[in-house]
Amino acid sequence: MTPTTRDDCLRRDEKDPLAGFRDEFLLPSGTVYLDGNSLGALPAATPGRVARTVEQEWGERLIASWNEAGWWEKPRTLGAGIAPLVGAAPHEVVVGDGTSANLFKALVAALRLNPERHVVLGERGNFPTDLYITEGVSEIMGAVERRVHADNRAALAGALAAGDVAVLLLSHVDYSTGALRDMAEITRLAHANGTLVVWDLCHSAGALPVELASDRADFAVGCTYKYLNAGPGAPAFLFAAERHHAASRQPLTGWHGHARPFDFSAGYAPAEGASRFLSGSQPVVAAAALEASLELWQRVDLGLLREKSLALTDLFIEATRPAGLRLATPREPERRGSQVSLRHPDGYAMVRALIERGVVGDFRAPDILRFGFAPLYLRYADVFDAAQALVEVVRSGEWRDPRFAVATGVT
Ligand SMILES: Cc1ncc(COP(=O)(O)O)c(C=O)c1O
Ligand SMILES: Nc1ccccc1C(=O)C[C@H](N)C(=O)O
């Protein structure tokens with residue numbers, strides 16, 4: 001049942017089995033933070049962990065830490081920490097580079113695994129880096145790029161039925177509308193048409209349970225700085241299904257992906273497993289922040305997380321109805337990520353006015369007011385208050401103040 005009054009919300013907070021996690025984050029007071037889908041909050045354990053890596057591992061043990069502190073193995077040990085959060089085996093996930101670089105590697109590898117075909121199918125309206133990387137990959141590989149509306153099942157089925165699609169790249173949760181795609185069904189459809197699938201998990205890892213192995217995904221990439229709380233620009237991850245390990249060839253063949261990097265031999269030989277997707281040395285200090293947040297994430301019951309996420313998004317959808325903004329996010333819970341998007345042509349000014357009231361969301365062109373719900377540190381009462389604030393901002397017209405009108409810098 002969706003709580004309808006603030007008192008209901010306070011009672012829900014008292015009974016919330018995830019409530020204790022809020023104390024494990026450092027949150028600014030007086031703010032309701034609904035932007036964890038762009039940059040997740042800081043876990044309380046992170047500053048100490050980063051300091052230990054800098055002061056002890058680097059400062060005192062210097063080069064010895066590559067072995068002693070496990071620096072060399074971090075792409076694999078951190079990958080193993082992400083694996084249970086995305087339904088993968090530990091050796092199927094590696095951590096390193098950024099999402100965009102990993103998209104490049106996964107798309108090229110998938111094209112090479114399907115050499116008779118030359119089409120990369122993407123989705124209209126995907127996050128721009130996915131579109132841009134697809135363009136770049138297509139140019140280098142001599143492939144042809146096509147785009148469909150991912151939420152139009154007939155169009156997707158039709159594009160796959162053409163029989164020439166080597167690889168399909170989709171976001172599991174759309175960054176703009178928050179629509180959640182059926183990974184199992186779409187992957188089955190793609191495979192039935194001879195197409196491999198790369199899933200972008202940026203808006204689903206840490207937002208809901210993901211089942212890469214049982215849904216038969218081929219490849220996946222994702223960032224760790226949103227729902228996984230690893231900090232700005234934190235290293236990304238790449239999943240390669242075990243069945244593709246032996247035959248996969250990715251293009252950025254650096255020495256960390258070599259079978260025997262310390263042979264210093266002249267020729268490249270790919271490592272076993274997902275390690276062949278690694279390239280070069282990684283930012284170890286940034287990896288320490290990811291390690292701290294993953295320790296917290298190992299204790300999270302993803303079923304409870306999903307339950308609370310749907311309850312929070314439901315609450316926000318219902319409580320913001322009086323604002324009269326059009327809902328862009330699917331109303332059905334099974335088609336919704338952990339986000340609510342509302343449409344209005346003046347959404348930018350409305351979001352700015354709301355931020356001034358201490359409720360942080362963001363705006364995505366052309367007309368999306370976007371709110372992300374991180375169940376580990378949001379309370380029902382916070383969401384109730386945020387919804388009330390939005391209704392007041394819209395009804396009062398305070399967003400019309402000229403200082404909210406001009407877009408500046410990063411949004
Ligand atoms: C779906 C999606 N893919 C990729 C990215 C980002 O790529 P990168 O981490 O390389 O900046 C984002 C957000 O920035 C995103 O929302
Ligand atoms: N990495 C960033 C740096 C600066 C500003 C935004 C981002 C984002 O991650 C945007 C996000 N992918 C989004 O879905 O809007």
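Just follow the structure's listing: the first ligand is 1, and inside any ligand the first atom is 1. This structure is a prediction, so every number in the text was calculated from the model and none was measured.
The single protein non-hydrogen atom nearest to atom 2 (C) of ligand 1 is D200 OD2, 3.4 Å, given as residue, atom name and distance. Atom 16 (O) of ligand 1 has as its closest protein heavy atom H203 NE2, 2.7 Å. In this structure, atom 10 (O) of ligand 1 lies nearest to the protein heavy atom S100 OG, 2.6 Å.
Relative to atom 9 (O) of ligand 1, the option among L39, L201, T99 with the closest non-hydrogen atom is T99. The residue from Y175, Y132, Y225 that puts a heavy atom closest to atom 11 (O) of ligand 1 is Y225.
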**Request:** Report the C-alpha distance between W297 and Y227 in whole Å, list the side-chain angles of each, state the deciding distance to 0.1 Å, and finish with yes or no for ring pair (Phe, Tyr, Trp, His ring centres under 6.0 Å).
**Result:** CA-CA 10 Å; W297 274 97; Y227 292 95; 8.3 Å; no
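For ligand 2, the polar-atom distance check finds an N/O of H203 within less than 3.5 Å of one of the ligand's N/O atoms. The N/O atoms of Y175, backbone and side chain alike, include none that comes under 3.5 Å of an N/O atom in ligand 2. Of the N or O atoms in R364, one or more lie within a sub-3.5 Å distance of an N or O in ligand 2.
By the side chain to side chain contact (heavy atoms under 4.5 Å, CB included) test, V351 pairs with I355, F363, L369, sequence neighbours left out.
At a threshold of 4.5 Å between non-hydrogen side-chain atoms, the residues E57 and R52 count as touching.
Every atom of ligand 1 is numbered from 1 in the order shown, and the set under 4.0 Å from a heavy atom of K226 is 13 (C), 14 (O), 16 (O). Near S171, meaning under 4.0 Å from any of its heavy atoms, are these atoms of ligand 1: 1 (C).
Heavy-atom contacts from other residues, nucleotides or ligands closer than 6.0 Å to OH of Y132 number 12 or fewer.
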Throw together a table of side-chain donor-acceptor distances under 3.5 angstrom for residues 153-166, partners on residues two or more places apart or in other chains.
unit_1, atom_1, unit_2, atom_2, d
R153, NH1, E185, OE1, 3.0
R153, NH1, E185, OE2, 2.6
D164, OD1, R146, NH1, 3.0
D164, OD2, R146, NH1, 3.3
D164, OD2, R146, NH2, 2.9

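Taking the six-membered ring where tryptophan is involved, the planes of H203 and Y175 are tilted, since the angle between them lies from 30° to 60°.
Within the 4.0 Å cut-off (strictly below), a protein heavy atom is located near atom 7 (C) of ligand 2.
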